[in-house]
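One structure is given here, and the rest of the page talks about it.
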Amino acid sequence: MEAAWNAFGSDSDSSDSEDDNGVAGREVATRLMQQYNTQSSQQKLGSNSDNSNSTSISFQPSFDDQKRRTALLPWPNNPPLYLGPAIVDKLKLGGGRGYTATTDLPPGTCILIEEPFVKGWSEQQMGKRLGLESIHHLFERDNAQSIVQCMEELHPTKDKVESVYQGNSEEIAPLDKIQIVDMISSADSDTSHCEEVQSLIAYAKDREIVNSDGTNLNSRDINRLLLTMRYNGFDSGLYLHFSIFNHDEDPNCIKFRPSADGTQQRHYSEARTTRFVKKGEALTLHYLENPREVSHATRRKILWDQHRFDIGDEEAFKKFLRLMDNTDTRKKAVYESELVHGSFPESNRTGTKDDSGGDAPVACNIENSLDDLEDIVVELQAMFLSNPNEGKSMSSTSFERAAALELTVWELITAAKESLGNSNHILLSRCRRLHLDSIEILLEHCSSILDDKASTELMARFLPSARELLESQQLRLGNDHTDVARTSNDISMAIQALLGHSPKRLLSLQLEGMLSLDQCSRFEHFCRKEKERIERLFPKDADKIISMANDA
């Protein structure tokens, strides 16, 4: 974000065994991560944290405790790089198991660090639902045997699938029927699918890829592997231990994926708590990685299509949120962020309902517009990435396209507010973030075309969107979430820019709590410090610490 303000001038393959050096390196890395996690949990959270009175809590296990808990995981021979204060318990959620906290945890506690067991997917699968070509892609790998055997413990496990088909059909649990029997039956009814399965069976036999009991793979095994990938796969690949996390509509953890982050390349995914978690509480993630801000109807459809579980209609959604009363203001805010003119839109497993009185299609239309506009943002960002000098000599056509994008998103926000009748609707958060991104493109890459007046007017539209976004995020996510840090930084930078170049225009916005220059300065300082505080909770420095361990 910082580069955008220059327009104003100067002012996210392990095998079944490892050699001695590998084990030693893993132990050193794990010890360092334990030390780091303890230091992180002892940091002062800050006065604005949701749980500032819990800063004395720390996680200080012995290394033997780390190994003991790791040995209880489904893959003791393929442990994660780091397992924090969590243990796998039997739960009523998801596949009947999940992580729970072994002690009270403050926000920012590192729960898990793991390298993808299968990194990424085949090029043919990018942007598409995982299919049999992904299994062929797995079979081509040198460690295919290890992958296939480890996948026996992913949901749905090989033992579960076999027990379902060997038992009495009348005794099959409803969820097992939906997630296993119905899915495999549907696949088996497709002739071309069955032909591909037989081809994969022959290919596996040629490569001597077998089950852990030594038997050859059969059609049920192939279909189970396909379900396993669909139910457990992330955009960044297939993980063993991350698969234990259950989905929650109000998750208490966030997953940082392996990706380029500025100048840093993260090779490992890590999960951290985003708020205070009580001992024994389930540790959960949101399965939708990008974007997370989609309507209930869309989430319901995606989660059903990809994972075969249903977050349900309004009453079921309340139960899913465990919203039994109005004492939890955050959960109430999550629920209220779905309301359209005070009503919860009807939906089903396929998405919105045509007979819902027009409420659900409103959100659907906004999402369609957002999808199209986000594609334009991606195209523009890719263009500037491939040609960094484009911004200095940008063609008028490119500038007009970027300017039209910002104006269109601004108009979408205005229209969405009226059609949704809910200033804190979850889709408005996505609209506002898109608006900020579109303005950043103009400020960062169009500085040679924009004059001071145009830049100031852009900032005058940027700041209200950022302020409204922050308020909605704090309601739904709390004060300690990484998204709050990013938006706080946006606000701080915007206020600084307007204070330095047009204080009069800043005051003309008449934003609450920013009616004088002194109030503006104080709020800028607060947002800047909040950004720094939250970033200390989520350092994303696993690669750095692991590298230090390997060099030790």
Side-chain angles (χ1 to χ4, degrees), residues 13 94-95 116-158 160-162 164-165 175-207 209-211 216-240 242-243 247 257-258 287-291 294 298-310 349-351 371:
D13 149 69
F117 189 61
V118 177
K119 299 177 182 177
W121 307 102
S122 64
E123 292 184 2
Q124 294 86 350
Q125 284 282 217
M126 297 305 292
K128 298 190 299 182
R129 189 185 189 192
L130 292 178
L132 292 175
E133 54 262 47
S134 286
I135 296 180
H136 190 277
H137 182 65
L138 294 183
F139 287 174
E140 291 178 326
R141 294 173 177 256
D142 292 338
N143 64 333
Q145 179 64 72
S146 175
I147 292 174
V148 168
Q149 293 188 1
C150 284
M151 288 176 69
E152 292 183 6
E153 293 299 324
L154 289 172
H155 175 72
T157 66
K158 180 175 173 58
K160 168 64 75 174
V161 173
E162 294 303 319
V164 165
Y165 280 94
L175 190 60
D176 290 339
K177 182 179 185 305
I178 291 171
Q179 294 188 335
I180 299 174
V181 178
D182 290 351
M183 293 298 289
I184 292 180
S185 296
S186 176
D188 285 342
S189 66
D190 186 333
T191 302
S192 62
H193 173 89
C194 293
E195 291 174 352
E196 288 185 66
V197 167
Q198 292 304 313
S199 176
L200 285 170
I201 291 173
Y203 185 66
K205 187 174 182 179
D206 289 343
R207 297 210 63 201
I209 301 171
V210 297
N211 293 311
N216 291 324
L217 300 181
N218 57 33
S219 60
R220 189 179 297 162
D221 291 318
I222 299 297
N223 284 321
R224 171 180 53 79
L225 289 172
L226 180 58
L227 294 180
T228 294
M229 289 192 299
R230 287 179 175 174
Y231 293 163
N232 299 279
F234 288 89
D235 289 347
S236 50
L238 187 66
Y239 297 78
L240 297 179
F242 267 101
S243 70
H247 171 81
R257 56 197 292 181
Y287 281 1
L288 304 189
E289 292 190 281
N290 186 33
V294 294
T298 299
R299 292 198 309 280
R300 186 178 183 184
K301 180 180 186 302
I302 293 174
L303 290 169
W304 176 257
D305 288 345
Q306 294 184 0
H307 302 280
R308 268 315 187 256
F309 68 77
D310 188 4
R349 292 170 177 174
T350 62
D371 289 341

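Just so it is clear, the model here is predicted, and its values are computed rather than measured.
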Exercise for review: Can you sort out the partners of Arg141 under salt bridge (charged side-chain N to carboxylate O under 4.0 Å, His left out), two or more places apart, ordered by chain and number?
Suggested key: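 With sequence neighbours excluded, Arg141 shows a salt bridge (charged side-chain N to carboxylate O under 4.0 Å, His left out) to no residue whatsoever.
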
Review point. Shortest non-hydrogen contact from Thr350 to Lys301?
Key: O-CD, 3.1 Å

Review point. Which atoms form the tightest heavy-atom contact between Ile180 and Lys160, and what is the distance?
Key: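 Heavy atoms of Ile180 and Lys160 come nearest at CD1-CG, 3.7 Å.
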
Check your understanding: Can you pull the ring pair (Phe, Tyr, Trp, His ring centres under 6.0 Å) pairs that have at least one residue in residues 219-238, sequence neighbours excluded?
Key ->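 Qualifying pairs: His155-Tyr231, Phe234-Tyr239.
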
Review point. Please walk me through it: do Leu240 and Glu153 pass side chain to side chain contact (heavy atoms under 4.5 Å, CB included)?
Key: CA-CA 9 Å; Leu240 297 179; Glu153 293 299 324; over 6 Å; no

Check your understanding: Can you tell which of Glu152, Met151, Lys158 makes a side chain to side chain contact (heavy atoms under 4.5 Å, CB included) with Asp221?
Key ->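 That would be Lys158.
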
When you measure from the side chain of [X] to the backbone N and O of [Y], does any donor-acceptor pair fall under 3.5 Å?
{"X": "Ser186", "Y": "Met183", "value": "no"}
{"X": "Arg224", "Y": "Pro156", "value": "no"}
{"X": "Gln306", "Y": "Arg230", "value": "no"}

Practice item. Find out whether the Lys NZ or Arg CZ of Arg207 is both under 6.0 angstrom from the six-membered ring centre of Phe139 and within 45° of the ring's axis. Key: no

Review point. Between Val148 and Leu138, is any pair of side-chain heavy atoms under 4.5 Å apart?
Key: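 When only atoms from C-beta onward are counted, Leu138 and Val148 do not touch, as no gap falls below 4.5 Å.
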
Check your understanding: Side-chain contact, heavy-atom cut-off 4.5 Å: Asn211 with Leu217?
Key ->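 Asn211 vs Leu217: side chains touch.
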
Side-chain atoms of residues 195-204: list all donor-acceptor pairs with protein atoms under 3.5 Å, sequence neighbours left out, distances to 0.1 Å.
none

Revision key, fill the gap. Rounding to 0.5 Å, atoms CG (Leu225) and CD1 (Ile147) come to a distance of 10.5 Å

